[in-house]
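I have placed the structure first, in the form of structure tokens, so that the comments after it can refer back to it.
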Amino acid sequence: MLTLTAIRTQTQEIIERLAKRGIDRTADIQQILSLDESKRAKQTLLEQNLAKGNVLAKEIGDLFKSGDKAAADEKKAESIELKEAAKVLETELTEIDKQLTQKLYEIPNAPVAKVVYGKTPEENETVYEWGVDPVLPANAKPHWELTSQYDIIDFELGNKITGAGFPVYKGKGARLQRALINFFLDEAIKAGYYEVQPPILVNEASGYGTGQLPDKEGQMYHDKADNLYLIPTAEVPITNIYRDVILKEEELPIRNVGYTPCFRREAGSYGAHVRGLNRLHQFDKVEIVQIAHPSQSYEILESMLEHVKMLMTKLGLKFRILRLCGGDMGFASAMTYDFEAWSGAQQRWLEVSSVSNFETFQANRLKCRYKTKDGKNELVHTLNGSALALPRIVASLLENNQTENGINMPECLHPYLGFTNIN
RNA sequence: GGAGAAAUGGCAGAGCGGUUGAAUGCGGCAGUCUUGAAAACUGUUUUAGUGUAAGCUAACGGGGGUUCGAAUCCCUCUUUCUCCGCCA
């Protein structure tokens, strides 16, 4: 969530930046400011009351020691009165605070200067493009036909075992998954990331920490018996490692990478554009996460883009990078770049990675700070990106590399695959 | 899953109803000494809110309660440890 300090000191700027998402939050911001004001007023009253109570309690203690019971009892009565008043104040304060927090949770992050105004994906800016159109055979097929032709991914079998969106990877299909995961992890480690293997179920606090809750409650699978959520991305557990943590300034930046399966309910999406691997309920992803000094976070965002670019280039997939417009950005992000791979047979771009800087938005909820040299605690910036998500990479690889004699695998995967061609 | 014990500052570890934000040790930081370092000695060392500041308030795993007053008593949840059971 946005910090109260920012809302208080840069009110107008925040409103203008939020407007880039195509929303007007002026009224909400004003309400937050007035709630904040009445909260502080109430708090001052309560604290004055408590201070009096503390003095009284001490006096009563002293009177008891000196044996002056009558005087002590008199003060006791006064103390009880104070306490009742305090109880009322406290209830009021809690109520105001609840409203304030609720309001703060509802405000998305404010896009930074570079982000353009826009409401739809069409308004995203293309900032980079690489690769050439694949040359496909005359009867080129979309991946969902290729996967059944070569029997490497079985959607029907997944339907039987679990349901739609839970495919079974078979034979070379399964090995391709494993190869990609290992390739992505190894490349990240080479680039200086530290591998972690986090839990794939998280508690409620973690969901709030990275902003999935309360915003995207319905998008996560929820185990009600134990109140745990299946992660929609490794970002959640990996970033939450740093919840309630105060880091040393020299520890920054922290660079973590992790592979996990990801689970998304994707409620309400149907149709041809979500066919095959285009949208799944369970998929695999290697995620890079950085905890950064605020002065370095945009430099780091660039370096993360470079890393993903390198992966795409090695895989030989034609791709482009979009800087998302305000309206297309995720709730918690201050700036996001999407990578899209070209899908030759579908003749469309498929989103394969999303790299974002959240600035202090997550850190504020997580209470992740670093200690400056003069001993002050400041919020860190958090960043993350897919490097990469598998299904659409697989879709593009299969479609773009299909030939009359099978599907050729890119060279970078050969050592991981143990074969060079799916036929 | 059953039985028992426990949870205190960066760490170890006292305190078990009267001022305790918390003894002591270690670690960290600053200084004295030293050519420098070590040792020794001295000082300092949690966080959040509020306030221009002095200060005030809150926090001893989380939540609730008893009391004029709770780290200390009670309830509850969570976690950890020991023993038993089960088990990849």
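Note on naming: letters A, B, ... go to the chains in the order of the sequence lines (proteins, then strands), and numbering restarts at 1 for each one. Keep in mind that what you see is a predicted model, and the values were worked out from it rather than measured.
Here B:G62 presents its C1' atom at 13 Å from NZ of A:Lys367, a figure rounded to the nearest Å. Distance CG (A:Leu100) to P (B:G49): 13 Å, rounded to an integer number of Å. Going from atom CG of A:Asp226 over to atom C1' of B:U79 covers 15 Å, rounded to whole Å. Atom pair A:Glu90:CD and B:A59:C1' shows a separation of 14 Å (rounding to whole Å applied).
Using C1' as the reference atom, B:G63 and B:U79 are 15 Å apart when rounded to the nearest Å. Taking atom C1' in both B:G28 and B:A12, the straight-line distance is 15 Å, to the nearest Å. For the P atom pair drawn from B:A53 and B:A7, the interatomic distance equals 39 Å after rounding to whole Å.
Shown here, B:U79 forms a base pair with B:A6; the pair counts as Watson-Crick or G-U wobble because both key distances fall under 3.5 Å. B:A38 is unpaired under the Watson-Crick or G-U wobble criterion, no partner having all donor-acceptor distances under 3.5 Å. Of the nucleotides present, B:G25 is the one that pairs with B:C11 by Watson-Crick or G-U wobble criteria, both distances under 3.5 Å. Across all strands shown, B:C73 forms a Watson-Crick or G-U wobble pair with B:G65, both key distances being under 3.5 Å. B:A88 makes up no base pair with any nucleotide shown, lacking Watson-Crick or G-U wobble contacts both under 3.5 Å. Pairing for B:G55 is with B:U50, a Watson-Crick or G-U wobble pair whose two hydrogen-bonding atom distances lie under 3.5 Å.
Heavy atoms of A:Asn377 sit under 4.0 angstrom from primed sugar atoms or phosphate atoms, though from no base atom. Residue-level contact check: A:Lys42 touches neither bases nor backbone, having no heavy atom under 4.0 Å from any strand. A:Leu56 comes within 4.0 angstrom of nothing in the nucleic acid, heavy atoms only.
If you check the side chains of A:Gln212 and A:Gln219, you find no donor sitting under 3.5 Å from an acceptor.
Residues A:Met409 and A:Phe419 form a side-chain contact, since some pair of their non-hydrogen atoms from C-beta on lies under 4.5 Å apart. With a 4.5 Å cut-off on side-chain heavy atoms, A:Arg365 and A:Phe358 do not count as touching. Between A:Val236 and A:Thr233 there is a side-chain heavy-atom pair separated by less than 4.5 Å.
Of the candidates B:C68, B:U50, B:U57, B:C68 carries the atom nearest the A:Lys83 side chain, counting heavy atoms from C-beta on. Set against B:U50, B:U57, B:U19, the side chain of A:Arg8 has B:U50 as its closest nucleotide. Taking every side-chain heavy atom of A:Ala57 into account, B:G18 is the closest of B:G18, B:C56, B:A58. Taking the side chain of A:Lys371 as heavy atoms from C-beta on, and the options B:C56, B:C68, B:U46, the nearest nucleotide is B:U46.
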Worksheet item: Where do A:Leu280 and A:Phe155 land on the side chain to side chain contact (heavy atoms under 4.5 Å, CB included) test, with the steps shown first?
Response: CA-CA 10 Å; A:Leu280 300 174; A:Phe155 293 97; 4.3 Å; yes

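The phosphate of B:C56 has neither OP1 nor OP2 within less than 4.0 Å of any side-chain N or O from A:Arg40. Between A:Asn54 and B:A58 there is a side-chain polar atom (N or O) within less than 4.0 angstrom of OP1 or OP2. Dashed line: the shortest gap from a side-chain N or O of A:Arg369 to OP1 or OP2 of B:U47 is not under 4.0 Å.
Formation of a donor-acceptor pair under 3.5 Å by the A:Asn109 side chain with backbone atoms of A:Ala332 is found in this model.
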